[in-house]
Amino acid sequence: MTERPNPLLIANTIDEALDAVSRGSTPIAGGTDLVVGARQGNKRLPASLVAIDRVEELQSIGLDSDGSLSIGSGVTHATLMSSTVVVTNYTALADAAALIGSPATRNVGTIGGNVMNGSPAMDTGAPLAVFDAMIQLSTVAGNRQITTSELWVAPGQTSAEPDELCTAIIIAPQPDRSGSAYVRLEYRRSMEIAVVGAAAVVTLGLDGTIAGCRIALTAVAPTIVLVDGLESLIGQAIGEATLATVADLASSQAAPISDLRASEQYRSHSVGVMAKRAVLAAARRATGESISVPVNRSIGVGSDGQRQWEAGAS
Amino acid sequence: MTIDEQGSESESIGYDLHVNGQTYPVEATLDRNLLGVLRTEIGLTGTKEGCDDCECGACMVLLDGQPVNSCSYLAAQAQGRQITTIEGLGNADQLHPLQECLLAHGGVQCGFCTPGMIISAHALLERNSSPSRDEVGIGLSGNLCRCTGYAKIIDAVLDSASNGSVEPTP
Amino acid sequence: MTSGLTSRNGVRNENYLNLKAVTLEPRPFPRADGPDKVTGTGRYAADMVLPGMAFARFKYAEISHARIVRLDTSKAESLPGVVAVITATDVPDVRYSPGVADRTLFATDAVRFEGEILAAVAATTEALAQAAVDAIEVEYEQLPTVTDVVQAIAPGAPLVHPDWQNYEVSAETEQRPNVASFSSIAHGDAEAGMARAATVVTSRYVADASHASPIEPRAILAQWEGRKLTVWSATQVPFDARAGVCETLDLPTNQVRIIVPHLGGGFGGKCGFHFEAHIAALARAAGRPVKLVFSRKEEFLAPDRRREGMVVELTTGLNADGTIAARTGTLLIDNGAYTADAAFFPQLAAMLAAGPYRIPALKIEASLVYTNHQPSGSVRAPTAPQACWAIESHTDELAATVGMAPVEFRRLNGLRSGDVGPVGQTYGEIGLQACIDSVASRLTGETGTEADEAIGLAVGWWPSFPGPSGAYIKIDSDGAGQIITGAQECGTGAVMTLRQLAADELGMAAEDFELVYQDTGVAPYDTGATGSQTLFNNGRAVLLAASELADQIRQLAADHLEAAPSDIVLSDGHASVAGSPNPAVSVAELAATAAGAELLIAHGSGKPGEYPETVGASCVGDQGVAAWASPQFSCHGVRVRLDSETGVVRVLNVATCHDSGTILNPLGALGQVEGGVLMGIGQALTEGTQYDEDGCQRNPGLLEYKLQTAADAPTITTQFVETTGGQGPHGAKGLAEAPNVATAAAISNALAKLIGSHVTQLPMTPERVWATMTDATPSDADRDATGHDTSEPKSGDEL
Ligand SMILES: Cc1cc2nc3c(=O)[nH]c(=O)nc-3n(C[C@H](O)[C@H](O)[C@H](O)COP(=O)(O)OP(=O)(O)OC[C@H]3O[C@@H](n4cnc5c(N)ncnc54)[C@H](O)[C@@H]3O)c2cc1C
Ligand code: FES
Ligand code: FES
């Protein structure tokens with residue numbers, strides 16, 4: 001019989017996980033992409049896996065000495081959506097985590113798995129992109145950090161090497177008077193995959209006008225798209241005209257496909273709607289207003305918040 | 001569905017699973033899902049398969065008290081954890097309060113979604129002992145039911161919550 | 001039933017004046033199968049195992065129309081672990097299907113839809129069976145596909161069944177090229193009526209196909225012992241399944257036993273005879289038991305059961321006073337590649353398109369059109385949700401045209417007790433108007449609707465299906481009762497309610513009875529969990545058996561108490577003489593006496609209720625469902641909210657009211673209504689099968705075919721109008737399908753108020769809603785024309 005690597009190693013430390021990865025094992029965290037994909041026959045289950053869901057070092061959310069937020073790759077969506085620091089300072093990420101799948105999916109699915117799976121419809125992607133997050137990739141030899149746009153190269157494909165493990169996601173502190181939000185279009189109120197989505201982080205000046213704005217879009221291109229040309233918003237007040245500009249910019253930079261879930265035209269249109277809603281919610285959060293996570297359910301269609309939303313828009 | 005094209009040729013691995021307070025030695029290939037091993041090797045068929053796709057929730061079990069779609073979870077990855085299936089929550093002589101409430105409210109029709117639904121409801125009430133109606137809806141949203149329209153299931157869970165009926169899992 | 005008291009001109013029969021909807025207090029309903037189901041100990045078909053059993057997989061066509069040039073199973077047969085491979089040549093050459101015998105177990109010369117079975121394999125593991133399936137070689141010559149019902153009936157269209165004229169058809173079936181079954185209903189002179197009408201409105205609505213999607217995928221296990229075959233199957237209709245096995249494998253009924261373990265829902269998806277014969281034939285070839293468990297994808301692709309797509313064209317002429325003068329309609333129903341049980345669909349759909357309205361002149365033509373899609377078959381109220389959605393959307397258009405509120409238009413034109421319906425059937429007491437009143441008052445009684453919300457309602461109707469049915473009841477020496485019934489429990493609680501019916505008749509408690517059911521080997525015939533008929537028909541059988549048994553007990557008690565049998569009353573598990581509760585003798589004691597002498601056994605069947613006559617109407621292709629036995633009526637109203645920028649719609653609350661005659665089990669009835677409403681919301685908004693240009697399904701999975709989740713569930717309030725005259729036990733009518741008729745239509749009407757016109761495609765997906773809004777952004781003038789004056793912010797709040 002040929003020598004085969006152990007089919008499943010259960011790592012308890014980062015070192016054990018890195019060692020296994022260096023020997024050709026594929027990491028499995030919650031398995032909600034990996035196992036589902038394999039059972040559907042999309043991708044074969046790798047012959048050797050290393051389970052990283054018991055590595056405690058990967059499961060913490062903490063502040064680095066420079067004030068950056070460091071999220072272990074093994075942090076689950078359930079943890080992420082209820083983490084005070086994430087909900088307070090990086091709300092868009094909590095919005096996204098809270099929308100993923102069902103309670104069971106959120107309970108085992110991890111941010112590391114979401115990021116490394118690299119789907120263009122991934123929900124944490126747009127928030128991470130607007131926060132300029134750095135993805136920390138580690139090998140037995142050491143660490144490197146890359147941006148999200150360096151990581152995601154094509155649908156389901158990342159630039160990480162096979163022996164690299166994502167160990168953390170690092171996000172620099174946001175300027176004062178910043179707020180963020182992630183909104184996605186969904187046909188049901190749960191168990192959805194983003195038809196399109198948009199994240200925004202908005203920083204307000206002391207006069208209440210826009211001092212900074214970043215927007216990223218989900219499921220409208222092979223990878224997450226950062227919207228260009230937002231400089232024109234600087235100094236503008238949040239209002240109908242600004243939001244219309246946001247919607248136009250987002251729609252025009254979307255390059256979606258038509259598929260089962262939506263046509264290209266509808267995606268282009270609705271991503272603009274999502275973008276402007278994300279900007280509005282982010283701006284309102286920037287003023288200190290508390291809009292509960294996820295925005296989709298607190299201001300989405302069918303919730304009573306929707307009207308306050310519309311009131312805020314006009 | 002076969003995952004590993006070698007099918008039965010791939011090597012079995014041996015491990016223990018702790019299910020409902022009992023330990024079961026298992027020999028199975030890596031590709032086997034927890035649902036299949038529970039139903040076939042361990043013989044606990046209360047957990048159901050509705051889609052094998054993480055979409056219906058009929059296969060829901062608790063892993064260390066938290067809900068997991070066992071159809072899409074590798075059995076081998078569950079080793080060392082406490083697994084609770086519907087059979088671990090109550091029996092005909094002593095129904096779990098959630099089971100009683102579901103029956104009393106008419107939340108059971110064909111019953112195929114019921115084990116998974118009870119597992120998710122249990123996890124929800126452990127997380128949040130007095131959920132709102134909407135929170136129950138979101139909490140059960142990974143469990144499809146085609147028969148009831150959910151209203152009576154949600155009523156039952158709310159009733160169960162108001163009686164403070166969920167104790168921590170063993 | 002009334003006679004001579006009809007009131008076509010709106011004068012209500014005074015006997016019917018007091019009909020009122022009521023909210024029913026649920027009576028405790030201890031389900032006999034409840035503990036099994038909540039504890040996970042109940043066995044479903046997929047849970048069954050037998051020693052030595054092999055696993056089955058099917059080789060599917062995976063192409064929607066082709067001639068089979070070569071089919072080679074030799075490689076598959078030689079693979080390790082493979083115990084049987086069978087094809088058409090291994091089973092009798094039988095064409096079957098009620099109405100039109102166009103079906104074979106395995107493809108012979110051609111395949112006509114992607115899920116058609118070419119071969120079946122049994123192997124010692126599922127993986128090996130799949131490997132063998134993958135090793136089967138097939139060569140095709142592709143044939144032109146027919147995927148559109150309109151093109152299918154155009155002259156010169158390629159034929160799905162070139163041999164159609166040679167198929168055996170029932171006497172009633174009217175065939176045409178690419179039309180499996182045609183029906184028309186005509187009453188009065190529709191053309192003349194239309195010519196005289198003050199206004200004429202024409203609408204066209206198109207519904208996509210959808211699916212029953214029970215949460216349990218089907219599973220079958222077959223075992224031969226000598227010449228006797230036992231099949232455990234997840235079927236709603238064990239006796240139909242038996243008939244199918246006997247017909248296709250040429251076996252007598254007494255050698256075939258179908259047992260249904262607990263059934264995980266059906267909704268019609270598990271009606272009809274499906275794969276039992278394939279697995280039985282495999283088991284025979286393999287010389288061992290064989291088990292089949294479907295994946296969710298197979299559940300979508302393979303069964304002859306899909307809710308049919310439909311194109312509905314309706315024209316209605318109105319008189320100046322808003323009454324309907326005449327209606328014509330054309331319905332094209334997508335039959336798919338084979339006819340399953342759909343031959344009667346055109347007539348049903350035609351009745352649905354007429355609607356529960358007073359229409360003096362009517363002509364509706366409906367065709368069941370062959371395509372290279374998966375076959376259609378009875379899914380919960382076949383044809384009704386789509387046809388009702390079309391007709392009731394059209395009805396709101398009519399109301400708008402004459403400037404009437406939708407609810408007033410329905411009050412004016414809707415059927416009343418004693419009226420004569422579209423085929424000349426005279427109705428007795430019917431609750432349609434009371435249903436409308438009930439829903440309208442609950443919906444409008446709520447506080448004001450916001451600008452993004454609207455309310456809408458729709459009415460529906462649906463027949464009950466009288467049929468033969470049987471049951472036995474016995475009481476053993478310890479006083480424990482057993483009901484042995486041919487009926488099938490699919491979750492509705494219909495069989496579970498039989499205990500209560502028997503117990504009430506015998507003065508005992510429901511818990512005193514155990515049920516033996518869904519086993520063709522032990523119980524008399526019943527049609528199965530289909531057509532909402534279980535309590536309606538089997539309830540009659542159980543009541544008869546129970547009353548016969550009550551007579552036997554009274555006779556025993558009379559001897560014991562020295563009284564006349566007619567003076568004995570049965571209550572609380574005891575028999576006593578009327579008027580003097582003491583002395584009393586327990587049923588258990590009497591049963592012990594009987595155990596040593598003449599046993600306590602009774603049987604019931606009884607004559608099924610009769611179908612009413614059609615009078616003064618002509619029905620071409622009459623399949624016997626134009627005049628409706630124990631007709632049921634309903635009204636559903638909804639409040640929806642629209643995200644006008646994206647077209648996403650949410651149903652916030654639902655008010656329903658049903659006339660299903662006497663409600664035997666309120667808790668069970670509410671469960672049927674609520675489940676039907678959620679299914680209707682799915683059909684309205686998210687559930688639609690998409691096809692590629694070759695006729696293959698693009699979304700055969702639960703991620704892309706979206707059922708409603710618990711997070712989407714609205715609040716639902718329900719009332720019942722308990723009319724008299726139902727032919728079921730104690731005046732009951734059917735119930736399980738009726739709640740799946742009017743919901744999508746009500747949503748359509750509410751939505752139309754918000755966007756100014758109806759969305760003409762079902763499901764009304766966000767993208768279709770958005771497209772309707774952007775294509776035809778209605779000007780204010782348009783809105784006036786449709787009668788929905790949006791200048792007034794609260795217009796959505798009016799019915
Ligand atoms: C029912 C259902 C609903 C879902 N809904 C959503 C949704 O709404 N939004 C959404 O974005 N996603 C959704 N998903 C997808 C999935 O749940 C998420 O992407 C999840 O975050 C994946 O995490 P995981 O831990 O389960 O990943 P795994 O499946 O364990 O891993 C995914 C991939 O990443 C690799 N990987 C995992 N961790 C690391 C690491 N630390 N370093 C390097 N590589 C790693 C694995 O090798 C694998 O290739 C859904 C999935 C299901 C089954
Ligand atoms: S079987 Fe696991 S979610 Fe459906
Ligand atoms: S009770 Fe049948 S699916 Fe829920």
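Chain letters run A, B, ... following the sequence lines, proteins first, then strands; residues in each count from 1.
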Would you mind telling me which of [options] has the largest number of heavy-atom pairs within less than 4.5 Å of chain C?
| options | value |
| --- | --- |
| B:Ile86, B:Thr85, B:Ile118 | B:Ile86 |
| B:Cys110, B:Gly106, B:Gly137, B:Gly149 | B:Cys110 |
| B:Thr45, B:Val136, B:Asp53, B:Leu44 | B:Thr45 |

Selection from [options] maximising heavy-atom pairs under 4.5 Å formed with chain B:
| options | value |
| --- | --- |
| C:Asp47, C:Val293, C:Ile681, C:Leu678 | C:Asp47 |
| C:Ala713, C:Gly671, C:Gly265 | C:Gly671 |
| C:Pro35, C:Pro26, C:Pro217, C:Pro28 | C:Pro217 |
| C:Gly81, C:Gly264, C:Pro214 | C:Gly264 |

Please flag which part of [X] lies under 4.5 Å from any non-hydrogen atom of chain C: side chain, backbone, both or neither.
| X | result |
| --- | --- |
| B:Glu100 | neither |
| B:Leu140 | both |
| B:Ile154 | side chain |
| B:Leu95 | side chain |
| B:Lys152 | both |

Partner of B:Val108 under side chain to side chain contact (heavy atoms under 4.5 Å, CB included), picked from B:Ile153, B:Thr148, B:Leu102, is B:Leu102

C:His636: what forms a side-chain hydrogen bond (donor to acceptor under 3.5 Å, both in side chains) with it, not counting sequence neighbours?
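With sequence neighbours excluded, C:His636 shows a side-chain hydrogen bond (donor to acceptor under 3.5 Å, both in side chains) to C:His658, C:Thr743, given in chain and number order.
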
Would you find a donor on one side and an acceptor on the other, under 3.5 Å apart, between the side chain of B:Tyr73 and the backbone of B:Leu63?
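Between the backbone of B:Leu63 and the side chain of B:Tyr73 there is no qualifying donor-acceptor contact (under 3.5 Å).
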
Measure [X] against the heavy atoms of chain B and call it side chain, backbone, both or neither at under 4.5 Å.
| X | value |
| --- | --- |
| C:Phe294 | neither |
| C:Leu667 | both |
| C:Ser213 | both |
| C:Glu299 | neither |
| C:Arg57 | neither |

Quick one: do [X] and [Y] make a salt bridge, cutoff under 4.0 Å?
| X | Y | result |
| --- | --- | --- |
| B:Arg127 | B:Glu135 | no |
| B:Glu41 | B:Arg32 | yes |
| B:Arg39 | B:Glu49 | no |

For C:Glu514, does the CD atom have more than 12 heavy-atom neighbours from other residues, nucleotides or ligands under 6.0 Å away?
no

According to salt bridge (charged side-chain N to carboxylate O under 4.0 Å, His left out), does anything in residues 102-123 of chain B pair up with another residue at least two apart or in another chain? List the pairs.
none

How far apart are the closest heavy atoms of C:Met496 and C:Glu489, and which atoms are they?
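Heavy atoms only, the tightest pair is N-OE1, 3.2 Å.
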
Which atoms form the tightest heavy-atom contact between B:Ala123 and B:Pro67, and what is the distance?
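Minimum heavy-atom contact is CB-CD, 3.5 Å.
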
Taking atom types as modelled and ignoring hydrogens, do the side chains of C:Thr534 and C:Gln488 form a donor-acceptor contact shorter than 3.5 angstrom?
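No, no side-chain donor-acceptor contact under 3.5 Å.
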
